[in-house]
Amino acid sequence: MKNIYSNIFKYNKKNLSKAKNILKKNDIIGVPTETVYGLAGNAYSNIATKKIYKLKKRPKKNPLIIHYHGLKNLKKDAYVDHRFLKLFKKFSPGPLTYILKKKKKSKICSLANSNLKTIAVRFPKNKIIKSLLKNLNFPLAIPSANISTNISPVNAFDVIDEFGKKINFVLNGGRSKIGLESTVINLNGPIKIFRPGLITNKEIGKILKKNVLISKKIKKLNSPGLLKKHYSPGIPMSLNCKKIDNKAAFIVFGKKYKKDKNIFNLSTRGNLKEAAKNLYKILRKIKNLNFKKINVVKIPNQGIGIAINDRLKKASQ
Ligand code: TXA
Ligand code: MG
């Protein structure tokens, strides 16, 4: 019997070249990034992009993030301004996605950005995806490697958990370092955070020397990642809980909680970055253990805690 994990390939020269060849044929592979794992395809190809939407069962009106190795290639596809350059210098490569105006002569296929006038672009830092991008002559459309509305994958096995044999090549990069998706910032028109992440509005505000707000209400088409239900374990979830309900899985944070088989601690030392890294891992575990309900304690709403609370809120819709 074929072991499904035979779809997972370790990072070496030979497999990198295999990955490259699959992408050149406009097929889709699973890839690690520092935030979460993604499904990668040629962003210039309508065929590849279509496959991504189909695999993810993603509504076509929800655009993909285009991943680049460097600025030179980006400039063929999007307009950059001084605000972008300042942020790029400070935060890229890394977990920040910029919404920029798309150039008319850009080769990014219109399906990849849902026919919008803008494209979302990111320069990932993970060395595996970076070396892959460096060796390709096209950028990659890479959404998170989960079926639409499900929990995002944070290791190679999660990608197989989502797609089974439908994905037959995943590059293994170990656990995702950050564990939550990139911060998305709008730079087309008024600056706003569309999706909070590790890089906070405060840090961005410092660089731009202005107050940067997190968008609360947003027009549907602007960023469907802000659509209500998302990142969901498919189980009822209650937030800001205080009491332990023995029938529910209890997600906690900090050292005051005892160990038990229904208690899942995001970070015993009360560290928010560690909690972010553990969040999707724990949600997937709880889902696979067939709990019928999840309770979550209150998580401090600062730093990456803002992004954790954003995902928890959407997961609980
Ligand atoms: O960390 C990440 O960003 C991961 C890794 C794999 O790079 N990718 C990721 O992609 O989270 P995805 O497809 O799961 O989320 C992309 C988000 C969605 O909320 C989408 O609506 C938004 O970016 N987006 C993409 N293009 C946009 C655009 N032109 N305007 C506004 N929002 C856009
Ligand atoms: Mg996603």
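First listed ligand is number 1; within each ligand, the first listed atom is number 1. Position 1 is the first residue of the sequence; numbering continues from there.
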Atoms of ligand 1 under 4.0 Å from any heavy atom of E181, numbered from 1 in the order shown, are 1 (O), 11 (O)

Sequence neighbours excluded, the answer for ring-ring contact (aromatic ring centres under 6.0 Å, His included) partners of F169 is F9

Heavy-atom proximity to atom 9 (C) of ligand 1, picking from S114, S144, A40, P59, points to S144

Does H67 reach ligand 1 with a nitrogen or oxygen that is under 3.5 Å from one of the ligand's nitrogen or oxygen atoms? yes

### Message
R195 versus ligand 1: do any nitrogen or oxygen atoms come within less than 3.5 Å of each other?
### Response
yes

Electrostatic pair E181-R311, nearest N-O below 4.0 angstrom = yes

The atoms of ligand 1 lying under 4.0 Å from a heavy atom of I99, numbered in the order shown, are 27 (C), 28 (C), 30 (N), 31 (C), 32 (N), 33 (C)

Q) Can the ring centroids of F138 and Y44 be said to lie less than 6.0 angstrom from one another? A) no

* **F123 and Y68 aromatic ring geometry - parallel, tilted or perpendicular at 30°/60° bounds** => tilted

Is a side-chain donor or acceptor of S114 paired with a backbone partner of L116 at a separation under 3.5 angstrom? no

- Query: Distance-only, no hydrogens or angles: does the N186 side chain make a donor-acceptor pair with backbone N or O of K192 under 3.5 Å?
  - Reply: no

### Query
What do you reckon, does N62 have a nitrogen or oxygen under 3.5 Å from a nitrogen or oxygen of ligand 1?
yes

Across all chains, not counting sequence neighbours, the ring-ring contact (aromatic ring centres under 6.0 Å, His included) partners of F291 are F264

Quiz item: Within a radius of less than 6.0 Å around NZ of K103, do more than 12 heavy atoms belonging to other residues, nucleotides or ligands occur?
Solution: yes

Result for salt bridge (Lys or Arg N to Asp or Glu O under 4.0 Å) between E162 and one of R284, K57, K56 points to R284

Per-atom filter on ligand 1: closer than 4.0 angstrom to a heavy atom of P63 are 20 (C), 24 (N), 25 (C), 26 (N), 27 (C), 28 (C), 33 (C)

Next item on the list: Give the C-alpha distance, both sets of side-chain angles, the deciding distance and a yes or no for salt bridge (charged side-chain N to carboxylate O under 4.0 Å, His left out) between E274 and R269.
Entry: CA-CA 9 Å; E274 183 179 50; R269 31 181 203 126; 3.4 Å; yes

Near I142 (heavy-atom distance under 4.0 Å), the atoms of ligand 1 are 6 (C), 8 (N), 10 (O)

Honestly, for K117 the part within reach of ligand 1 (heavy atoms, under 4.0 Å) is neither

Atoms of ligand 1 under 4.0 Å from any heavy atom of P143, numbered from 1 in the order shown, are 10 (O), 12 (P), 13 (O)

> With a 4.0 Å cut-off, would you call K130 and E34 a salt bridge?
Replying inline: no

Looking only at non-hydrogen atoms, the one of K56, R58, K61 nearest atom 13 (O) of ligand 1 is R58

Ligand 1 to T118, heavy atom cutoff 4.0 Å, flagged ligand atoms 28 (C), 29 (N), 30 (N)

Sorted by chain and number, sequence neighbours left out, side-chain contact (heavy atoms from CB on, under 4.5 Å) with N26 holds for N42, S45, I47, A48

query = Could an N or O of ligand 1 be found under 3.5 Å from any N or O of S182, whether backbone or side chain?
reply = yes

Next on the checklist: Please evaluate residues R83 and D81 with respect to the criterion salt bridge (charged side-chain N to carboxylate O under 4.0 Å, His left out), reporting the C-alpha separation (whole Å), side-chain torsions for both, the decisive distance (0.1 Å), and the verdict.
Outcome noted: CA-CA 6 Å; R83 305 177 304 185; D81 62 8; 3.2 Å; yes

Nearer than 2.8 Å to the Mg ion (ligand 2), the protein contributes N, O or S atoms numbering 1

Does ligand 1 have an atom under 4.0 Å from some heavy atom of L116?
yes

